[in-house]
Amino acid sequence: MTFESLMTYVGWPLIKIVILLGVVAFCVAYTVYIERRLLGFFQSRVGPNRVGPFGLIQPIADGLKLILKEDIIPANAQPFLFRIAPIFAIVPAFVGFAIISFAPPLVTGAGVVHPFVVKDVNLGILFLLSITSLGVFGIVLAGWSSGSKYPLFGSLRSASQMLSYEIPLTLSVLSVILMAGSFRLSDIVDAQSKLPFAIPLILAFGVYVISAVAETNRIPFDLPEGESELVGGFHTEYSGMRFAFYFLAEYANVVLVCCVATSLFLGGYKIPFVPYETLLAAHPILVSALGLAVFGVKAVLFLYFYIWIRATFPRYRYDQLLRIGWMVLLPIALLNLFLVAGIKLWLLR
Amino acid sequence: MTIGWILLFALIIACALGVVISRSPIASALSLLVGFVGVAILYLALKAEFVAAVQVLVYAGGILVLYIFGIMLTDNEALRLTRQVHFQAWPVFLLVLVLFLWMGHKLYHSDYAATPPAAKVMVVSGGDQAETAIAALQAQSQVAAGTNTQRLASVMYGNFLYPFEAASVLLMVAALGAVFLAKKEI
Amino acid sequence: MTTELREAAGTSPLRKALETTTMELNFGPQHPATHGVYRAVLQLDGERVVGIESIIGYLHRGIEKWVEYRTYTKATPIFDRLDYVGAILNCHGYVGTVEKLMKIEVPKRAQYIRVVLDELQRIANHLLWLGTHALDLGAMTVLFYGLREREVIMDLFEAMVGQRLLQNAYPIGGVRLDFPRGWERACRNFMAELPHRLDEYETLLSSNRMWLQRTKGIGVISGAEAVALGLSGPTLRGSGVYFDVRKCIPYGSYEDFDFEVPLGENGDVYDRYIVRVREMRQSLRILQQALDGMPEGPLMPEKLSKIIRPPAGEVYFSVEGAKGQLGYYLVSDGTDKPWKCHVRSPSFINLQGLEKMVVGGLVADVVANIGSLDIVLGEVDR
Amino acid sequence: MSMQGLVILGFVLFCLGLFGVLARRNFIVILLSIELMFAAAGVNFIAFSGLWHDLTGQVFTVFLIAVAAGEAAIGLGLLIALFRLKHSANIDDASELKG
């Protein structure tokens, strides 16, 4: 095996994965910071502002604190499952980032293309959905292995919630796949060069946003951890680094959902109103850099929307939540799918 | 790449063993989860990407969660204390071993893997045109060009439309049946 | 399945065997939604509550007994510790009782000042309640908004009596000091501001479908049941019963003021919520009238001995506390210490309504109901 | 990888599943073992589909997964019913028809 083939099959992917992991972990940590800061502003208070300028070092301080804390395993817990459960939560949350194209591919001199994605799988979306569907194991196992009632309650709720909302989520994504005619994320982004899918597929977008909020267990659907009812939900008994894993997994999921929404509905790295070719003619690096920036801005706007929701709404009750999922979102998603299929079949031939 | 295959096989078989012999049902379920992911990787390696994705999405993300639910709902101390293996384990083991050896022998000595049956007929009748016959068969089976998923779709919604609908009816019936069985007021 | 079959199945041993066991869930004493060290043992059938047993006493400090070893004057500050978010009203109740026992005539100006402070305290209490209740149901922001307005009231208290939370505001007989310079203007500014803030909260909650779904039709308690259980305050008025101590048994010049008693219709969580929000607006009306019609005059009665030594006898006096009818029962044996003191604390009695409200509901509704009762454990346990 | 290996893998999975179904007491583990047997069939379908360049095998694997989902639903329904009656997930307790 030559050095070059080794680099192609092992080296470059590994480097990409390491870079992506670093960037994602950084983004997730600062998502927490941004959320706390923004919530502070929403609620007429300051938010974390003591550690470093504007509190910018706060995430690192929090991380250090959580690492140094004692890792408590309750007497009733099943120690092995209790220890490995956070891994089941955090791995799917981070693996999902592998298929997201963050910027248009960089074309260097000799026609060599460097895509800004770890692996542009041709079944990208399906891969993403199947990977994220594994995240529920972390929650279920945590609740089960803690040997305590509140986590058990939280995990049962969470599992049924995630299973229920996966269906409208998938259906709304399906209509995007129908429009784009491909599972590959870069194809889907390319299909939006004229118009982001959020406009023609407004119904699907709405369903996606609501189900995504539910999938990531956030207000108004944060029942699994609804702190006023279930104390902390499935991670009540966790402390220290294992708690941090759940925390990170939750926010990684939030960031992932923002990135996916950007790619699927908001046009990804496509710059609105500016054709790709004109930019490419200007400078190849400029295209990628601008694309990356545009992707970031869109994702952050979506994130802002997320936090805004959290600051505004109360929490649904468990039965109401399931009712919304099955009685409202599912019919809307199905109807939307039929509409899109019809339009695709009859109008856009 | 042979090492990779052997590792994958070893993983799948180890997980299957874990399902059958581990004491706690939840360990069985988790080991099945890893085994399913292994099988999905196997599917990927055999160029069946769509089936691999469905395997993970439906099996690992859906069915197994239901099983874990079931384990959580039916757990009690008494169950944990009883012997997990049936008294008939040893006879069964011998039976399965005999079956395994016999079938393994048969499989090892058969030549099923050489050529497709239709092509084999042609080989028998037409002699040296076997190569072209196989090529023709392959071309015929690949109804539409494109990715594996697209071809799979055209086969599934073309030749197998009615079985597909039947499968959906089956799922519906299963869901209704499950609700009926589990409902408190019969 | 036909009805006959279903009925037959209802009595069969098979049916019994199919019934699942209930699950016992300890709700508290350390729980974020119990507003203190209150413990409820819930019997759950899935998510449905089939039984609740309240266990209190985790914050018992023996205040009623403690008072028997203190002189009447020295006993005043301890009552602030009953309901520590509505301390001035507790204080008013106690000094009012002693005044009634001794037949002291409180000067008019002192009465009006008391009304001003009382109503400010009521608003502060309801603001904190609103915030915590909303937080229980997941609406986090309202808490911080409520605390922001409450902060202004705290500052007003600090300027007036020197303390923010446990003010020990009134001496027996009247009030200690007049309004400091600029206080009235600050108070009027706050009063001009608050209605807009209340509108803001109502935009966030009263017109929010999620809020309505979480509160409408939850924890219903009828007027008759509420009266039978002895509930009082906004909890009672939410069920549509017209009872407000300020109107029905007027004290401290409340008969001078023109205000309405907001009533609910269904007796659910939403009604208890909306009654409290409207009460804040009514309190503002009272404040306005009290400040506008503030009479001149002394703050303490002319002849009041330094040592309070009421004649032997017993007396019951109640004020409209923030949570309901806050009554004090004092027995005097003619010495300078009360022989017996009993507090009819509204939180304790309102807590009895909880079982009626939550049984048959879901676990999440328990939180909504406890929130809508507005209990303070310091007052429940005394 | 040779076909031989894949077929043997499928067969090993099948045998393990069979053993689990016959030898375990816990109802859920029996269901899990059945899933193993399904997976064995799936491996064979996919392997032969690849060998013969015919997608029918893959289509059947998808059907297989659907059937497995149905089986899981019904199986869990039965499990809950059994648990309600016997307060146990032990298959040996369901012995009322023995007479």
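In the text below, chain A, chain B and the rest are named by the order of the sequence lines, each starting its count at 1. What you see below is based on every heavy atom in this structure, not just the backbone, and it leaves out hydrogens, waters and symmetry mates.
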Taking every heavy-atom pair that is under 4.5 Å apart, which of [options] has the most such pairs with chain D?
options: B:L64, B:L66, B:L97; value: B:L66
options: B:V39, B:L32, B:V173; value: B:L32
options: B:P163, B:G177, B:A175; value: B:P163
options: B:C15, B:G35, B:A16; value: B:A16

I need the [X] [atom1] to [Y] [atom2] distance, nearest 0.5 Å.
X: B:E49; Y: B:L44; atom1: CD; atom2: CG; answer: 6.5 Å
X: D:F63; Y: D:T61; atom1: CZ; atom2: OG1; answer: 10.5 Å
X: D:F19; Y: D:L36; atom1: CZ; atom2: CG; answer: 12.5 Å
X: D:I65; Y: B:F36; atom1: CD1; atom2: CZ; answer: 8.5 Å

Under 4.5 Å from any heavy atom of chain B, what part of [X] do you find: side chain, backbone, both or neither?
X: D:I74; value: both
X: D:V21; value: neither
X: D:L76; value: side chain

| request: Can you tell which part of B:L99 gets under 4.5 Å to a heavy atom of chain D, answering side chain, backbone, both or neither? | output: both
| task | Below 4.5 Å from any heavy atom of chain D, which atoms of B:A167 appear? Answer side chain, backbone, both or neither. | result |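 Interface part for B:A167: side chain.
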| Are the side chain of B:S28 and the backbone N or O of D:V29 linked by a donor-acceptor pair below 3.5 Å? |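 Between the backbone of D:V29 and the side chain of B:S28 there is no qualifying donor-acceptor contact (under 3.5 Å).
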| task | Say whether, by atom type as modelled, one donor and one acceptor occur between the side chain of B:S31 and the main chain of B:V19 under 3.5 angstrom. | result |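 At least one qualifying donor-acceptor pair exists.
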| Looking at D:S33, D:G42, D:A47, which one has more heavy-atom pairs under 4.5 Å with chain B than the rest? | D:G42
| request: Indicate, with yes or no, if the rings of D:F60 and B:F160 have centres closer together than 6.0 Å. | output: yes
